[in-house]
*Asks:* 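Got a structure here, written out as structure tokens. Questions coming.
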Amino acid sequence: MKILVTGGLGFIGSHTVVELQNQGFEVIIIDDCSNSTEKVLDGIVAITGKLPLFEKLDLKNRDKVEDFFKKHDDIEGVIHFAASKAVGESVEKPLLYYENNIGTLVYILKELSQKAKSSFIFSSSCTVYGQADVMPITEDAPVKTAESPYGNTKQMGEEIISDTCKVTPSLNAIALRYFNPMGAHPSVEIGELPTGVPQNLVPFITQTGVGMREQLSVFGDDYPTSDGTAVRDYIYVVDLAKAHVIALKRLLENKNDSNYEVFNVGTGTGSSVLEVIKSFEKVSGKKLNYKIMNRRAGDITSAYADTTKANNVLGWKSEYTLDQAMKSAWDWEQKIRK
Ligand code: UD1
């Protein structure tokens, strides 16, 4: 069964390609390599023994997208990762984000809508909840006004898919709302490859640990949390990748309750920034150089998932602990800096 993975050379995409191939799916990757490299294919081959099909293609090119779907008319499912994801950049360049994240989504949905049956998994984010009023966050929590164009593209993306599904019974879709993905494949053949200075906490920690950065800034210790630092739900990337395969199978096997569904993908446990630092120190045996600074604009106090729906309806549960995920992130960082 042929599955298209857009953005399949990226962080979450590459881990999902591995899980798909491990389960016997035939994978075709589209990636424009704007934030990834073809070398990731070597890692995928090292783990799975199989080279997925790959086409370097810019999804903003409508004609090329049409040609691609004509050529590969046997694609039965699409997992759509390809998108820009830097929150700060999205504030500076909103149209780039709307074109990259919304324009391309529309093109793909147009193609899928013409098929007799299609299955579509969308990369959404817990960012759609903003600062939720109740913890843990269930899928029924209200979607709040987005803080950034990036966040808005995830909200709008979900609405576009939902509206399209309402009038397209042949289209079946699941939006997965990820909490904070982290870690690397246990083989350390693939992992996160941030370009420039990492904005996310875990790669900044591991780069500081390995000596690439002098010091981690902890953004705020005056939040109303147990130790004053902000709380997030850190989900291991391989657990997250597996959620995609389970969601896809749910659609392929017609087990979905409606043709548009939404699931949180998190561990259900909140960890503060200081707890994440402690986890790093524990698994690496190193002291991390960090300093408490002011809060970062746009950050929320706390976000962690209620995973009841993902556990009971999707049949997925995270397996790795924060320490295990951190160990993989640290092993990966050490490997790539050698
Ligand atoms: C961010 C994005 C979110 C996106 C997610 C993807 C924002 C506002 N949100 O979430 O939309 O889906 O990444 O992973 O950017 N921190 C530090 N020092 C650092 C970096 C981070 O203290 O150098 C803190 C942050 O203040 C936050 C926590 O670590 O409390 C996690 O930050 P980060 O990894 O950037 O993720 P989010 O902000 O939760």
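We use all heavy atoms of the structure for the numbers below, so side chains are in, but hydrogens, waters and symmetry mates are not.
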*Asks:* Would you kindly confirm whether Ile108 and Met156 end up in one hydrophobic cluster when ILVMFWY residues are joined by side chain heavy atoms under 4.5 Å apart?
*Replies:*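 Yes.
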*Asks:* Can you give me the closest heavy-atom contact between Thr127 and Gly151, atom names plus distance?
*Replies:*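 That closest heavy-atom pairing would be CG2-CA, 3.9 Å.
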*Asks:* How about Lys317: does its NZ atom have over 12 heavy atoms from other parts shown lying under 6.0 Å from it?
*Replies:*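 Not more than 12 within 6.0 Å, no.
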*Asks:* Looking only at heavy atoms, what is the nearest atom pair of Val265 and Ala243, with distance?
*Replies:*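 Nearest pair, atom of Val265 first, then Ala243: CG1-CB, 3.9 Å.
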*Asks:* When clusters are formed by joining ILVMFWY residues with side-chain heavy atoms under 4.5 Å apart, either directly or through shared neighbours, do Leu248 and Ile75 land in the same one?
*Replies:*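 They do not share one cluster, since no chain of ILVMFWY contacts under 4.5 Å joins Leu248 to Ile75.
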*Asks:* How long is the span from the CG atom in Asp299 to the CD atom in Gln131, to the nearest 0.5 Å?
*Replies:*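 Atom-to-atom, Asp299:CG and Gln131:CD are 10.5 Å apart.
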*Asks:* Would you name the heavy atoms of Tyr236 and Ser328 that are closest together and state the gap between them?
*Replies:*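 Here Tyr236 and Ser328 meet closest at CE1-OG, 3.3 Å.
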*Asks:* Taking the basic N atoms (NZ, or NE/NH1/NH2) and the acidic carboxylate oxygens, is any pair closer than 4.0 Å for Glu281 and Lys287?
*Replies:*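 Here Glu281 pairs with Lys287 in a salt bridge, since their nearest N and O are under 4.0 Å apart.
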*Asks:* To the nearest 0.5 Å, what is the distance between CD1 (Ile44) and NE2 (His15)?
*Replies:*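 Reported to 0.5 Å precision, the distance equals 9.5 Å.
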*Asks:* List the atom pairs, with distances to 0.1 Å, where a side-chain N or O of residues 191-202 and a protein N or O form a donor-acceptor pair under 3.5 Å, not counting sequence neighbours.
*Replies:*
{"unit_1": "Thr195", "atom_1": "OG1", "unit_2": "Asn35", "atom_2": "OD1", "d": "3.1"}
{"unit_1": "Gln199", "atom_1": "NE2", "unit_2": "Val197", "atom_2": "O", "d": "3.1"}

*Asks:* Between Arg295 (side chain) and Thr301 (backbone), is there a donor-acceptor pair under 3.5 Å?
*Replies:*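 Here the side-chain-to-backbone pair does not exist.
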*Asks:* Are side-chain heavy atoms of Val276 and Met326 found at a separation under 4.5 Å?
*Replies:*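 Of all side-chain heavy-atom pairs linking Met326 with Val276, at least one is under 4.5 Å.
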*Asks:* Report the residues that fulfil salt bridge (charged side-chain N to carboxylate O under 4.0 Å, His left out) with Lys64, sequence neighbours left out, ordered by chain and then residue number.
*Replies:*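 Scan of Lys64 (salt bridge (charged side-chain N to carboxylate O under 4.0 Å, His left out), adjacent residues dropped) gives none.
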*Asks:* Assess whether a salt bridge exists between Asp331 and Lys327, defined as any Lys/Arg side-chain N lying under 4.0 Å from an Asp/Glu carboxylate O.
*Replies:*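 Yes, Asp331 and Lys327 are salt-bridged.
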*Asks:* Can you pull the ring pair (Phe, Tyr, Trp, His ring centres under 6.0 Å) pairs that have at least one residue in residues 258-291, sequence neighbours excluded?
*Replies:*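 Matches after skipping sequence neighbours: Phe280-Trp330.
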*Asks:* For Lys154, is there an ion pair with Glu158 - N to carboxylate O distance below 4.0 angstrom?
*Replies:*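 Between Lys154 and Glu158 there is no salt bridge, as every charged N stays at least 4.0 Å from the carboxylate O atoms.
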*Asks:* Check whether any side-chain N or O of Asp31 sits under 3.5 Å from a backbone N or O of Leu9 as a donor-acceptor pair, and report yes or no.
*Replies:*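 Confirmed, Asp31 side chain pairs with Leu9 backbone.
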*Asks:* Just by distance, do the side chain of Glu261 and the backbone of Asp257 share a donor-acceptor pair under 3.5 Å?
*Replies:*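 Side chain of Glu261 to backbone of Asp257: a pair is present.
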*Asks:* Enumerate the residue pairs fulfilling side-chain hydrogen bond (donor to acceptor under 3.5 Å, both in side chains) with a member in residues 46-57, sequence neighbours excluded, ordered by first and then second residue.
*Replies:*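 Those involving residues 46-57 are Gln21-Thr48, Glu55-Lys71, Glu55-His72.
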*Asks:* Just by distance, with hydrogens left out, do Asn311 and Thr307 show a side-chain donor and acceptor under 3.5 Å apart?
*Replies:*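 The criterion, which ignores hydrogens and geometry beyond distance, is satisfied for Thr307 and Asn311.
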*Asks:* Going by the side-chain contact (heavy atoms from CB on, under 4.5 Å) test, name the single residue among Lys338, Lys286, Glu333 that passes it with Val210.
*Replies:*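 Option passing the side-chain contact (heavy atoms from CB on, under 4.5 Å) with Val210: Glu333.
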*Asks:* Does the side chain of Thr321 pick up a donor-acceptor pair with the side chain of Asp323 at under 3.5 Å?
*Replies:*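 The criterion, which ignores hydrogens and geometry beyond distance, is not satisfied for Asp323 and Thr321.
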*Asks:* Using atom types as modelled and distance alone, determine if a side-chain donor or acceptor of Arg250 lies under 3.5 Å from a backbone N or O of Gly315.
*Replies:*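 No; zero donor-acceptor contacts below 3.5 Å.
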*Asks:* Begin with the C-alpha distance, continue with both residues' side-chain angles, and end with the deciding distance and a verdict on side chain to side chain contact (heavy atoms under 4.5 Å, CB included) for Thr138 and Thr308.
*Replies:* CA-CA 8 Å; Thr138 67; Thr308 310; over 6 Å; no
*Asks:* With rounding to the nearest 0.5 angstrom, report the CD1 to OG1 distance, Ile28 to Thr6.
*Replies:*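 It is 12.0 Å, given to the nearest 0.5 Å.
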*Asks:* Is the closest basic N to carboxylate O distance between Lys115 and Glu76 below 4.0 Å?
*Replies:*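 Looking at Glu76 together with Lys115, the answer is no, because their closest N to O distance does not fall below 4.0 Å.
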*Asks:* Do the non-hydrogen side-chain atoms of Pro203 and Phe11 ever get within less than 4.5 Å of each other?
*Replies:*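 SC-SC contact between Pro203 and Phe11 ruled out.
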*Asks:* Where do Tyr234 and Ser271 come nearest, in terms of heavy atoms and distance?
*Replies:*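 Result for this residue pair: CE1-O, 3.8 Å.
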*Asks:* Any side-chain heavy atom of Cys126 within less than 4.5 Å of one from Asp233?
*Replies:*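 The answer is no, as the side chains (C-beta and beyond) never meet within the 4.5 Å cut-off.
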*Asks:* Is there side-chain contact between Val238 and Glu319, with heavy atoms separated by less than 4.5 Å?
*Replies:*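 Val238 does not reach Glu319 side chain to side chain.
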*Asks:* Give me the atom names and distance for the closest heavy-atom approach of Glu19 to Ala241.
*Replies:*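 Nearest heavy atoms, Glu19 then Ala241: CG-CB, 3.8 Å.
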*Asks:* Rounded to the nearest 0.5 Å, how far apart are CG of Leu322 and OG1 of Thr267?
*Replies:*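 Result: 8.5 Å between the selected atoms.
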*Asks:* Do Trp316 and Val237 sit in one hydrophobic cluster, given that two such residues count as connected whenever their side-chain heavy atoms are within less than 4.5 Å of each other, even indirectly?
*Replies:*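 Linked within one cluster.
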*Asks:* On a heavy-atom basis, which atom in Tyr129 and which in Lys144 lie closest, and how many Å separate them?
*Replies:*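 Smallest heavy-atom distance, with atoms named: O-CG, 3.4 Å.
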*Asks:* Kindly compute the distance separating NZ (Lys117) from CG (Leu251), expressed to the nearest 0.5 Å.
*Replies:*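 Spacing of NZ (Lys117) from CG (Leu251) equals 7.0 Å.
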*Asks:* Relative to each other, are the rings of His244 and Tyr178 parallel, tilted or perpendicular (30° and 60° limits)?
*Replies:*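 His244 vs Tyr178 ring planes: perpendicular.
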*Asks:* Donor-acceptor pair, distance only, cut-off 3.5 Å: does the side chain of Ser118 make one with the backbone of Leu112?
*Replies:*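 Yes, because the side chain of Ser118 sits within donor-acceptor range (under 3.5 Å) of the backbone of Leu112.
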*Asks:* Any side-chain heavy atom of Asp306 sitting closer than 4.5 Å to one from Ile137?
*Replies:*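 Not in contact.
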*Asks:* Starting from Ile79, can I reach Ile47 by hopping between I/L/V/M/F/W/Y residues whose side chains sit under 4.5 Å apart?
*Replies:*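 Yes.
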*Asks:* Take Thr229 and Glu275, measure what side chain to side chain contact (heavy atoms under 4.5 Å, CB included) needs, and give me the verdict at the end.
*Replies:* CA-CA 9 Å; Thr229 63; Glu275 284 169 344; over 6 Å; no
*Asks:* Quick one: does Thr164's side chain get under 4.5 Å of Ile160's, heavy atoms only?
*Replies:*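 Thr164 reaches Ile160 side chain to side chain.
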*Asks:* Applying side-chain hydrogen bond (donor to acceptor under 3.5 Å, both in side chains), name anything that partners Asp140, two or more places apart in sequence or on another chain.
*Replies:*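 Asp140 satisfies side-chain hydrogen bond (donor to acceptor under 3.5 Å, both in side chains) with no residue once adjacent residues are dropped.
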*Asks:* Please check if the number of heavy atoms outside Glu253 that lie under 6.0 Å from its CD is greater than 12.
*Replies:*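 Correct, the count exceeds 12.
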*Asks:* Looking at Asn254, is its backbone amide N or carbonyl O close enough to the side chain of Asn172 to form a donor-acceptor pair, meaning the two atoms are under 3.5 Å apart?
*Replies:*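 No, the answer is negative, given that no donor and acceptor are paired below the 3.5 Å cut-off.
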*Asks:* With a cut-off of 3.5 Å and sequence neighbours excluded, list every side-chain donor-acceptor pair involving residues 88-97.
*Replies:*
{"unit_1": "Glu89", "atom_1": "OE1", "unit_2": "Tyr97", "atom_2": "OH", "d": "2.5"}
{"unit_1": "Ser90", "atom_1": "OG", "unit_2": "Val87", "atom_2": "O", "d": "2.7"}
{"unit_1": "Ser90", "atom_1": "OG", "unit_2": "Tyr150", "atom_2": "N", "d": "3.0"}
{"unit_1": "Tyr97", "atom_1": "OH", "unit_2": "Ala86", "atom_2": "N", "d": "3.0"}
{"unit_1": "Tyr97", "atom_1": "OH", "unit_2": "Ala86", "atom_2": "O", "d": "3.1"}

*Asks:* Take a 6.0 Å sphere around CG of Asp74 and say whether it holds more than 12 heavy atoms from other residues, nucleotides or ligands.
*Replies:*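 For Asp74, atom CG is crowded (more than 12 foreign heavy atoms under 6.0 Å).
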*Asks:* Under a 4.5 Å side-chain heavy-atom rule over Ile, Leu, Val, Met, Phe, Trp and Tyr, are Leu57 and Leu51 clustered together?
*Replies:*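 As far as the 4.5 Å side-chain criterion goes, Leu51 and Leu57 are not connected within one cluster.
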*Asks:* Just wondering, are more than 12 heavy atoms of other shown residues or ligands nearer than 6.0 Å to NZ in Lys282?
*Replies:*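 Counting other residues, nucleotides and ligands, NZ of Lys282 stays at 12 neighbours or fewer.
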*Asks:* Please lay out, stage by stage, how Phe81 and Ile29 fare under the test side chain to side chain contact (heavy atoms under 4.5 Å, CB included).
*Replies:* CA-CA 10 Å; Phe81 294 104; Ile29 294 173; over 6 Å; no
*Asks:* Mind checking whether Asn259 and Thr168 have side chains closer than 4.5 Å, heavy atoms only?
*Replies:*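 With C-beta onward as the side chain, the pair stays apart.
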*Asks:* Rounded at 0.5 Å granularity, tell me how far CG in Leu4 sits from CZ in Phe69.
*Replies:*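 Spacing of CG (Leu4) from CZ (Phe69) equals 5.0 Å.
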*Asks:* Could you go through Lys2 and Leu53, starting from their C-alpha distance and side-chain angles, then the distance that decides it, and tell me whether this counts as side chain to side chain contact (heavy atoms under 4.5 Å, CB included)?
*Replies:* CA-CA 10 Å; Lys2 198 191 263 184; Leu53 295 170; 4.2 Å; yes
*Asks:* Around atom NZ of Lys60, are there more than 12 heavy atoms from other residues, nucleotides or ligands closer than 6.0 Å?
*Replies:*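 Enclosed.
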